[in-house]
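First up is the structure itself, then whatever we jot down about it.
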Amino acid sequence: KTNFAATESYKLLRTKLQYAFSDDKKCHVFMVSSAMAGEGKSLTSVNFAYHVAQLKKRVLLIDCDLRQPTLAEKVQMPKTPGLAEYLAGCAELKDAIQKGNPDTVGADVDVMVAGTNPPNPIELLNSEKMARMIESLRDTYECIILDLPPVCEVSDALVISKLVDGAILITRQNYCNRNAFKEAISQLEFINTKILGVAVAEPVE
């Protein structure tokens, strides 16, 4: 439920990312992050997933923010089971993936919420099980979008970056600290993450 200008912006983001790869991979995995909290990365992830699914592509949206997850609330879906339960061995993968809410993210998008906040989020995200999960899901989906914590606040996004094909960095106008933004770019480049681009969010009135 976005206005015309916002809808067109998300469509433009979708179109530009379609041309970001010259390979013939069946599925591409994107990570969406920001330098600081509150810049709109989760909202962008939801709308990006929705608009990619409009192209009749099989899309999976995963909340990888196991510390302060917001995706379940945004898409109005049950908070468990989710990624944390699966990685901890408390749920099967098929149970952790839910059909999207038709009124929020759309029924054509599958969603894996973060689940219960675990005591060891970075260990779970950096586990071999996480890597195997992403690789196996590439066989089922055409686009996988990972909503990750801010780069400058915790190192979760950095350990996940090795599993993705590219990163989208969200920054909010008149909000993000310039030094924090430069630091986020620097950290991603240091570990050779392919930065596909920066999406600038308008300031919240």
Side-chain angles (χ1 to χ4, degrees), residues 6 8-53 55 57 59-71 83 109 112 114 121-122 125-126 130-131 133-135 137-138 141-203:
E8 290 304 304
S9 295
Y10 287 121
K11 288 182 179 179
L12 181 60
L13 175 64
R14 176 191 69 188
T15 301
K16 287 187 174 182
L17 288 172
Q18 281 183 286
Y19 292 95
F21 299 97
S22 59
D23 56 56
D24 57 355
K25 279 186 178 179
K26 177 185 175 183
C27 173
H28 286 110
V29 180
F30 301 95
M31 60 175 275
V32 180
S33 187
S34 58
M36 303 164 57
E39 299 203 66
K41 63 179 182 58
S42 296
L43 183 63
T44 300
S45 297
V46 171
N47 281 281
F48 179 39
Y50 172 83
H51 283 92
V52 172
L55 298 177
K57 292 184 178 293
V59 180
L60 174 63
L61 175 61
I62 306 177
D63 191 348
C64 294
D65 191 340
L66 302 183
R67 301 171 190 266
Q68 294 181 310
T70 61
L71 189 61
L83 177 61
V109 177
M112 182 185 290
I122 195 165
L125 294 174
N126 199 31
M130 177 71 181
M133 182 193 79
I134 295 297
E135 284 306 307
L137 291 172
R138 285 181 185 268
Y141 295 94
E142 295 170 276
C143 178
I144 300 174
I145 301 165
L146 309 182
D147 179 14
L148 285 152
V151 174
C152 293
E153 296 189 3
V154 291
S155 56
D156 300 17
L158 301 179
V159 302
I160 285 291
S161 64
K162 61 188 176 184
L163 307 178
V164 307
D165 299 305
I168 306 163
L169 203 60
I170 312 301
T171 186
R172 200 169 95 198
Q173 188 178 358
N174 301 334
Y175 176 87
C176 181
N177 178 283
R178 180 177 296 182
N179 289 333
F181 179 72
K182 291 172 65 176
E183 178 63 20
I185 294 287
S186 176
Q187 289 195 43
L188 291 171
E189 288 181 338
F190 181 76
I191 55 176
N192 296 318
T193 303
K194 183 177 182 180
I195 301 175
L196 300 172
V198 177
V200 181
E202 292 184 353

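The distance from atom NZ of Lys162 to atom CD1 of Ile160, rounded to the nearest 0.5 Å, is 8.0 Å. Between Arg138 atom CZ and Cys143 atom SG the span is 10.5 Å, to the nearest 0.5 Å. The line from SG of Cys27 to CG of Leu137 is 8.0 Å long, rounded to the nearest 0.5 Å. Atom CG of residue Leu43 and atom OG1 of residue Thr70 lie 9.0 Å apart, to the nearest 0.5 angstrom. In this structure, Cys64 SG and Ile134 CD1 are separated by 6.5 Å, a value rounded to the nearest 0.5 Å. Residue Asp156 holds its CG atom at 5.5 Å from CG of Leu125, rounded to the nearest 0.5 Å.
Contact check for Phe181 versus Leu169: side-chain heavy atoms found under the 4.5 Å cut-off. Using a 4.5 Å heavy-atom cutoff, the side chains of Val154 and Gln68 are not in contact. Between Leu13 and Asn47 the shortest side-chain heavy-atom distance does not fall below 4.5 Å. At least one side-chain heavy atom of Leu83 sits under 4.5 Å from a side-chain heavy atom of Met133. With a 4.5 Å cut-off on side-chain heavy atoms, Leu163 and Leu146 do not count as touching. Within the 4.5 Å cutoff, side-chain heavy atoms of Ser155 are placed close to those of Ile122. Counting heavy atoms from C-beta outward, Asn177 and Glu183 have side chains that stay 4.5 Å or more apart. Under the 4.5 Å side-chain criterion, counting only non-hydrogen atoms from C-beta, Leu17 is in contact with Ile168.
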List the steps and the verdict of side-chain contact (heavy atoms from CB on, under 4.5 Å) for Leu61 and Leu71.
-> CA-CA 9 Å; Leu61 175 61; Leu71 189 61; 3.8 Å; yes
In sequence, state the C-alpha distance, the side-chain angles, and the governing distance for Glu142 and Leu55, and then conclude on side-chain contact (heavy atoms from CB on, under 4.5 Å).
-> CA-CA 11 Å; Glu142 295 170 276; Leu55 298 177; over 6 Å; no
Apply the test side-chain contact (heavy atoms from CB on, under 4.5 Å) to residues Val109 and Leu60: give CA-CA distance (whole Å), side-chain angles for both, the deciding distance (0.1 Å), then the verdict.
-> CA-CA 6 Å; Val109 177; Leu60 174 63; over 6 Å; no
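Between the Asp147 side chain and the Ser45 main chain, no donor and acceptor come within less than 3.5 Å of each other. One N or O on the side chain of Lys41 and one on the backbone of Leu148 form a donor-acceptor pair closer than 3.5 Å. Checking side-chain atoms of Ser186 against main-chain N and O of Lys182 turns up no donor-acceptor pair under 3.5 Å. Panel note: side chain Arg67, backbone Pro121; no donor-acceptor pair is recorded below 3.5 Å.
More than 12 heavy atoms of other residues, nucleotides or ligands sit less than 6.0 Å from atom CD of Glu8.
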Could you pull out every donor-acceptor pair under 3.5 Å between side chains of residues 28-37 and any protein atom, sequence neighbours left out?
{"residue": "His28", "atom": "NE2", "partner": "Asp23", "partner atom": "OD1", "Å": "2.8"}
{"residue": "Ser33", "atom": "OG", "partner": "Pro149", "partner atom": "O", "Å": "2.7"}
{"residue": "Ser34", "atom": "OG", "partner": "Met36", "partner atom": "O", "Å": "2.7"}

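What you find for Cys176 and Thr171 is that their closest heavy atoms are CB-OG1, 3.3 Å. Of all heavy-atom pairs spanning Glu39 and Arg172, the tightest one is OE1-N, 2.7 Å.
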